[in-house]
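Nothing fancy with the numbering, it's 1 onward along the sequence.
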Amino acid sequence: QVQLVESGGGLVQAGGSLRLSCAASVRSFSTYAMGWFRQAPGRERGLVAAISWNGASTYYADSVKGRFTISRDNAKNTMYLQMNILKPEDTAVYYCAARFGQHRVVPTSRYDYWGQGAQVTVSS
């Protein structure tokens, strides 16, 4: 049973920063490609960023390039999303996701496991 737990969400003013964490309860975290998704009210869930098994390769949605940084620490079974220069349009529930047996970046929605989500609210 794979469990993913997000933390670090909250309320921040525009221009501020937050760091999300995703703790994974898995035996071999390095065998999973990972990703961050978000879903705003009334909108479909979309990919924000993705990372390969060793962190060497990453992918970002155009809307967050230059502001967000995805990273992972395989020794801690944890993935991170550093979010800087936040905008009101970044307001959403953020989900982490894992794709088993995939070492490369997965820039699609094809993930096997999902967390419960963390709310990020950016006020103007």
Side-chain angles (χ1 to χ4, degrees):
Q1 183 79 14
V2 175
Q3 289 189 326
L4 303 174
V5 179
E6 302 94 339
S7 61
L11 173 64
V12 64
Q13 288 188 332
S17 298
L18 281 175
R19 188 176 81 155
L20 299 179
S21 299
C22 172
S25 62
V26 295
R27 182 168 293 183
S28 300
F29 184 60
S30 61
T31 61
Y32 292 80
M34 301 293 293
W36 285 101
F37 289 75
R38 68 185 180 186
Q39 186 170 21
R43 303 189 67 176
E44 292 187 356
R45 186 165 58 186
L47 179 64
V48 175
I51 190 166
S52 61
W53 72 281
N54 61 355
S57 298
T58 57
Y59 165 89
Y60 295 95
D62 288 342
S63 58
V64 305
K65 280 181 181 177
R67 300 188 298 121
F68 290 12
T69 302
I70 189 172
S71 62
R72 65 189 294 166
D73 185 338
N74 287 347
K76 296 182 178 179
N77 282 17
T78 303
M79 175 181 65
Y80 305 96
L81 185 68
Q82 177 66 42
M83 304 184 291
N84 298 328
I85 317 174
L86 283 161
K87 305 175 181 180
E89 51 263 44
D90 294 319
T91 295
V93 177
Y94 284 71
Y95 300 88
C96 70
R99 171 80 177 265
F100 176 71
Q102 176 60 264
H103 283 179
R104 296 181 179 182
V105 168
V106 179
T108 69
S109 60
R110 294 184 178 181
Y111 284 77
D112 303 310
Y113 305 99
W114 299 82
Q116 82 288 351
Q119 177 69 47
V120 171
T121 303
V122 184
S123 63
S124 57

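- In this structure R104 satisfies the side-chain contact (heavy atoms from CB on, under 4.5 Å) test together with Q102, sequence neighbours excluded.
- Every residue meeting the side-chain contact (heavy atoms from CB on, under 4.5 Å) condition with Q82, not counting sequence neighbours, appears here in chain and number order: S17, R19, T69, N84.
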For residues 40-52, dump all side-chain donor-acceptor pairs below 3.5 Å to protein atoms at least two apart in sequence or in another chain.
unit_1: S52; atom_1: OG; unit_2: N54; atom_2: OD1; d: 3.1
unit_1: S52; atom_1: OG; unit_2: A56; atom_2: N; d: 3.4
unit_1: S52; atom_1: OG; unit_2: S57; atom_2: N; d: 3.0
unit_1: S52; atom_1: OG; unit_2: S57; atom_2: O; d: 3.4

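- Pairs passing the disulfide bond (SG atoms under 2.5 Å apart) check and including a residue from residues 24-78, sequence neighbours excluded, do not occur.
- Criterion: ILVMFWY side-chain heavy atoms under 4.5 Å apart, direct or through other members. Under it, W36 and V2 are part of a common hydrophobic cluster.
- The disulfide bond (SG atoms under 2.5 Å apart) contacts involving residues 24-124 comprise C22-C96, where partners must be two or more places apart or lie in separate chains.
- Under the 4.5 Å side-chain heavy-atom criterion for ILVMFWY residues, no single connected hydrophobic cluster contains both L18 and F37.
- Listed by first and then second residue, the side chain to side chain donor-acceptor pair (under 3.5 Å) pairs that reach into residues 105-114 come to none, sequence neighbours excluded.
- Closest non-hydrogen pair, A92 versus Q39, comes out as CB-O, 3.4 Å.
- Cluster partners of Y80 are absent, since no Ile, Leu, Val, Met, Phe, Trp or Tyr has side-chain heavy atoms less than 4.5 Å from it.
- Scored by the side-chain hydrogen bond (donor to acceptor under 3.5 Å, both in side chains) test, N77 finds no partners at all (sequence neighbours excluded).
- Using a 4.5 Å heavy-atom cutoff, the side chains of L20 and M83 are in contact.
- Counting only residues at least two apart or on different chains, the ring-ring contact (aromatic ring centres under 6.0 Å, His included) pairs with a member in residues 48-72 are W53-H103.
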Identify all side-chain donor-acceptor contacts of residues 24-33 below 3.5 Å with residues at least two apart in sequence or on another chain.
unit_1: S25; atom_1: OG; unit_2: Q3; atom_2: N; d: 3.1
unit_1: S25; atom_1: OG; unit_2: Q3; atom_2: O; d: 3.3
unit_1: T31; atom_1: OG1; unit_2: S28; atom_2: O; d: 2.6

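- In terms of the side-chain contact (heavy atoms from CB on, under 4.5 Å) criterion, residue partners of L11 (sequence neighbours excluded) are, by chain and number, T121, S123.
- When the options L4, T78, V106 are evaluated for a side-chain contact (heavy atoms from CB on, under 4.5 Å) with M34, the one that passes is L4.
- In terms of heavy atoms, S124 sits closest to A14 at CA-CB, 4.3 Å.
- With hydrogens and angles ignored, the 3.5 Å screen pairs no side-chain donor or acceptor of Q116 with any backbone N or O of V5.
- Sorted by first and then second residue, the side chain to side chain donor-acceptor pair (under 3.5 Å) pairs involving residues 85-96 (not counting sequence neighbours) are R38-D90, R38-Y94, R67-D90.
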